[in-house]
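Structure, as structure tokens:
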Amino acid sequence: QVQLVESGGGVVQPGGSLRLSCAASGGTIRPYTMRWYRQTPGNRRELVAGIPSGGIPNYSDSVKGRFTISRNNAQNTVLLQMNSLKPEDTAVYSCNLDSGLRQYWGQGTQVTIAA
């Protein structure tokens, strides 16, 4: 049973940076694509970035050039470096592992961009 725990959220001013971390336990992330999603109240969950095992990261158009996703399979972690943050980036950010048979989610971490 894989468990995902996100950390690193907080409140920053526009233009600032945050680094989110997703730590996995109970199983290895090595074979799987890892993704970050975000969601605001009343809105659908939005895919932010994904990184396949050994593959090329991909990003939503809204964060391309500002966010960087990376993974450390040995440490079983996935990072999301977020730069040049905008108020519209405010959301709960969640980590996702898709094993093909089941989706695993963390509890999410709140990111708030405010002056």
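Just so it is clear, the structure is predicted and the values come from calculations on it, not from any experiment. All values below were derived from every heavy atom in this structure, side-chain atoms included, with hydrogens, water molecules and symmetry-related copies excluded.
Pairing each heavy atom of Ile69 with each of Pro57, the nearest pair is CG2-CB, 3.6 Å. In plain terms, the two heavy atoms of Ser84 and Arg66 that are nearest each other are O-NH1, 2.9 Å. Nearest heavy-atom pair across Val63 and Arg38 is CG1-NH1, 3.9 Å. What you find for Tyr104 and Val2 is that their closest heavy atoms are CD2-O, 3.4 Å. The shortest heavy-atom contact between Leu80 and Ala49 is CD1-CB, 4.2 Å. Annotation for Leu4 and Ala24: closest pair CD2-CB, 3.6 Å, computed over non-hydrogen atoms.
Under the 4.5 Å side-chain criterion, counting only non-hydrogen atoms from C-beta, Thr112 is in contact with Val11. The shortest distance between side-chain heavy atoms of Leu20 and Glu6 does not fall below 4.5 Å. A 4.5 Å side-chain heavy-atom check between Phe67 and Leu85 finds at least one atom pair inside the cut-off. In this structure, Cys95 and Trp105 have side chains that are not in contact, with every pair of non-hydrogen atoms separated by 4.5 Å or more.
Using a distance-only test at 3.5 Å, with no hydrogens or angles considered, no donor-acceptor pair links the side chain of Arg45 to the main chain of Ser94. A donor-acceptor contact shorter than 3.5 Å is absent between the side chain of Asn96 and the backbone of Gln103. Of the possible donor and acceptor atoms, one in the side chain of Ser53 sits under 3.5 Å from a partner among the backbone N and O of Arg30. No donor-acceptor pair under 3.5 Å is formed between the side chain of Asp98 and the backbone N or O of Tyr32. Thr90 contributes a side-chain N or O that, together with a main-chain N or O of Ile113, makes up a donor-acceptor pair within less than 3.5 Å. Asn72 places no side-chain N or O within 3.5 Å of a backbone atom of Thr77 that could act as its donor or acceptor partner.
Here Asn73 contributes atom CG and Met34 contributes atom CE; the two are 9.5 Å apart, rounded to the nearest 0.5 Å. Rounding to the nearest 0.5 Å gives a distance of 10.5 Å between SG of Cys22 and CZ of Arg71.
Arg102 and Gln1 are linked by a side-chain donor-acceptor pair at a separation below 3.5 angstrom, with hydrogens and angles left out of the test. Ser62 and Glu46 share a donor-acceptor pair across their side chains, judged by distance under 3.5 Å alone.
Lys86 has no carboxylate O lying under 4.0 Å from a charged side-chain N of Asp89, or vice versa, which leaves the two without a salt bridge.
Hydrophobic clustering places Val78 together with Leu18 (ILVMFWY residues linked when any side-chain heavy atoms are closer than 4.5 Å, directly or through intermediates).
Gln107 CD: more than 12 foreign heavy atoms inside a 6.0 Å radius.
Of the listed residues (Leu47, Ile51, Val48, Thr68), just one forms a side-chain contact (heavy atoms from CB on, under 4.5 Å) with Tyr59, and that residue is Thr68.
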